[in-house]
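This report concerns only the one structure given below.
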Amino acid sequence: MSVVVPLYQKERYVGRTVASVLAQTFTDFELVVLDNACTDGSAEVVRGFADPRIRLERNPETVPVTENFQRAVRHARAPLVKVVNADDLLEPTVLAEQVAVMDADPTLALVSCRHDLVDDDDRVIARGRALRSTDLLGRRDATTVLRRIVRHRGSPIGVPGNMLFRRDAFDAVGGFPDNGYALDVGLAARLVTRGGFFGMPQSLSAFRLASGSISSTARRRNMALQHRFLRELRSEHADVVRRRDVVAGLAREPVTWLRQRIMMVASTDPASVRHRVAAALLTSRRPGPGVAAQRGVANTTMLSR
């Protein structure tokens, strides 16, 4: 299988990301890192790892984030692919557990798990994010997943590092949508039209809320992109998405706005009072059923985070 890491200006974090991939109990994989013409020391950090499974590729010039993600997957050589943000982390058993699920059911196009939120220093802010609805656990069909996405108005499926998908399904749907906000949920919505979905209750990856990663400008832009994605999704799947799904999603809009606001505050300096208050609000939601105790360590859609 292939793990791909689209890399841009993540010198501070990418070493920990690569180390978490190399620490997998499942060892039969390649790790492809695509350097998006970084100007910091990110590529040098990757070169510092002496592991034959690592392949460092480079774009001759910086391309938009969606294109960099597309190119990263194109470099993958295996039939199963996991995309990991260059500052996120994987739990040591995630590949073993997810490959086993995919091998057991060849009709699946996508498997996803829950994730934790961590700060700059890998300290857990909140556990068991994504797949909070029981209708997304276990094997599910496209209708169930698409309706839940519309009702949720965020990414109930999770962030890229949560997912493992089949390369042939990815190619068949054209890869990631041209929407920087919906890279994760948009891809999931496409993939489930090519096969089944399986949701795992375990929290097997970590999404980093890096200091300053979410600004108020970015939050407003993300909301606009979210609305565009949902309009396009409802139009494309009008035969599946019901009016009551749309109404339920609109009723949840204030929760979407508030959650994004809390995330923005949580991405401030970990030593600040504002950060501690936001982290406490995020932690106040206990993980859903089936989330095991985690080990402490283990920019896309906001609501799943």
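Just so we're clear, the structure is a prediction, and the values are computed from it rather than from any experiment. Numbering of residues begins at 1 and proceeds along the displayed sequence.
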Q) Which atom pair, heavy atoms only, marks the closest approach of V159 to D184? A) CA-OD2, 3.7 Å
Q: For the pair R132 (side chain) and P156 (backbone), establish whether a donor and an acceptor sit closer than 3.5 Å, ignoring hydrogens and angles.
A: no
Q | Partners passing ring pair (Phe, Tyr, Trp, His ring centres under 6.0 Å) against F197 (at least two apart in sequence or in another chain) | A | none
(Q) Does D28 have more than 12 heavy atoms from other residues, nucleotides or ligands lying within 6.0 Å of its CG? (A) no
Could you go through residues 31-52 and list every donor-acceptor pair under 3.5 Å that involves a side-chain atom there, pairing it with any protein atom two or more places apart or in another chain?
| unit_1 | atom_1 | unit_2 | atom_2 | d |
| --- | --- | --- | --- | --- |
| D35 | OD1 | A37 | N | 3.2 |
| D35 | OD1 | C38 | N | 2.8 |
| D35 | OD2 | R58 | NH1 | 2.6 |
| N36 | OD1 | N59 | ND2 | 2.9 |
| N36 | OD1 | V63 | N | 2.9 |
| N36 | ND2 | V63 | O | 2.9 |
| T39 | OG1 | Q9 | NE2 | 2.8 |
| D40 | OD1 | S42 | N | 3.1 |
| D40 | OD1 | S42 | OG | 2.8 |
| D40 | OD2 | K10 | N | 3.4 |
| D40 | OD2 | E11 | N | 3.2 |
| D40 | OD2 | S42 | OG | 3.0 |
| S42 | OG | K10 | N | 2.8 |
| S42 | OG | E11 | N | 2.9 |
| E44 | OE2 | R47 | NH1 | 3.2 |
| D51 | OD1 | R53 | N | 2.9 |
| D51 | OD1 | R53 | NE | 3.0 |
| D51 | OD2 | R53 | NH2 | 2.9 |

Q: Indicate the atoms forming the closest heavy-atom contact of N179 with L225, along with that distance.
A: ND2-O, 3.1 Å
Q) Between G158 and A130, which heavy-atom pair has the shortest distance, and what is it? A) CA-CB, 3.6 Å
Q: Measure across F176 and V73 and return the closest heavy-atom pair with its distance rounded to 0.1 Å.
A: CE1-CG2, 3.9 Å
Q. For R139, which residues count as a side chain to side chain contact (heavy atoms under 4.5 Å, CB included) partner, sequence neighbours excluded?
A. D105, T107, L108, F198
Q | Short side-chain to backbone donor-acceptor contact, Q202 and V94, under 3.5 Å | A | no
(Q) With rounding to the nearest 0.5 angstrom, report the CZ to OG distance, R129 to S155. (A) 12.5 Å
Q. Considering residues at least two apart in sequence or located in another chain, which fulfil the salt bridge (Lys or Arg N to Asp or Glu O under 4.0 Å) criterion with R194?
A. none
Q: Any chance you could measure I149, atom CD1, to H152, atom NE2, to the nearest 0.5 Å?
A: 10.0 Å
Q: Give, for atom CE of M1 and atom CG of L95, the distance between the pair rounded to the nearest 0.5 Å.
A: 5.0 Å
Q) Do you know which two heavy atoms are closest between F69 and P160, and how far apart they sit? A) CE2-CG, 4.4 Å
Q.
With salt bridge (charged side-chain N to carboxylate O under 4.0 Å, His left out) as the rule and sequence neighbours excluded, what pairs involving residues 170-179 come up?
A. R167-D171
(Q) Considering only residues two or more places apart or on different chains, which pairs with a residue in residues 16-26 satisfy side chain to side chain donor-acceptor pair (under 3.5 Å)? (A) R16-D122
Q | From CG (L110) to CD (Q98), nearest 0.5 Å | A | 8.5 Å
(Q) If hydrophobic clusters are built from ILVMFWY residues whose side chains come within less than 4.5 Å, do F207 and Y8 share one? (A) no
Q: Only counting residues at least two apart or in another chain, list the ones meeting side chain to side chain donor-acceptor pair (under 3.5 Å) with T144.
A: D141
Q) How about V111 and M200: do any of their side-chain heavy atoms sit closer than 4.5 Å? A) yes
Q | N162 side-chain N/O to C113 backbone N/O, donor-acceptor pair under 3.5 Å | A | yes
(Q) Just verifying a value: how many Å separate L183 CG and N85 CG, rounded to the nearest 0.5 Å? (A) 8.5 Å
Q. Would H115 and L117 satisfy side-chain contact (heavy atoms from CB on, under 4.5 Å), going step by step from the backbone distance to the final call?
A. CA-CA 7 Å; H115 65 269; L117 298 177; 4.1 Å; yes
Q | Any side-chain heavy-atom pair of P6 and V83 under 4.5 Å | A | yes
Q) Got a sec, which residues hit salt bridge (Lys or Arg N to Asp or Glu O under 4.0 Å) with R242, two or more places apart in sequence or on another chain? A) D245
Q. By side chain to side chain contact (heavy atoms under 4.5 Å, CB included), which residues pair with R231, not counting sequence neighbours?
A. H227, R228, R234
Q. Under 3.5 Å, side chain of R127 to main-chain N/O of D116, donor-acceptor pair present?
A. no
Q. Between the main-chain N or O of V118 and the side-chain N or O of R208, is there a donor-acceptor pair closer than 3.5 Å?
A. no
Q | Pairing residues for E57 by the salt bridge (Lys or Arg N to Asp or Glu O under 4.0 Å) criterion, not counting sequence neighbours | A | R55
Q: Just say parallel, tilted or perpendicular for the rings of F165 and F170, cut-offs at 30° and 60°.
A: parallel
Q | Polar side-chain atom of R140 near backbone of L137 as donor-acceptor pair, under 3.5 Å | A | yes
Q. Ignoring hydrogens and geometry, is there a side-chain-to-backbone donor-acceptor pair from D119 to I125 under 3.5 Å?
A. no
Q: Before giving the answer on side-chain contact (heavy atoms from CB on, under 4.5 Å), spell out for V5 and V18 the whole-Å C-alpha distance, their side-chain angles and the decisive distance to 0.1 Å.
A: CA-CA 9 Å; V5 177; V18 171; 5.7 Å; no
Q.
Among residues at least two apart in sequence or on other chains, which ones pass side chain to side chain donor-acceptor pair (under 3.5 Å) with D135?
A. R148
Q | Residue pair A76 / V81: nearest heavy atoms and the distance that separates them | A | CB-CG2, 4.1 Å
Q) I54 versus L22: any side-chain heavy-atom pair under 4.5 Å? A) yes
Q) Is E91 paired with R114 through a side-chain N to carboxylate O contact shorter than 4.0 Å? A) no
Q. Is it true that a side-chain atom of K82 and a backbone atom of S2 form a donor plus acceptor pair closer than 3.5 Å?
A. no
Q: For the pair Y13 and D88, evaluate side-chain hydrogen bond (donor to acceptor under 3.5 Å, both in side chains) and give the outcome as yes or no after the intermediate values.
A: CA-CA 8 Å; Y13 308 111; D88 291 350; over 6 Å; no
Q | Expected output: side-chain S112 to main-chain I157 donor-acceptor under 3.5 Å | A | yes
Q. What distance do L191 atom CG and R166 atom CZ have between them, rounded to the nearest 0.5 Å?
A. 11.0 Å
Q. Less than 4.5 Å apart, any side-chain heavy atom of L136 and any of V145?
A. yes
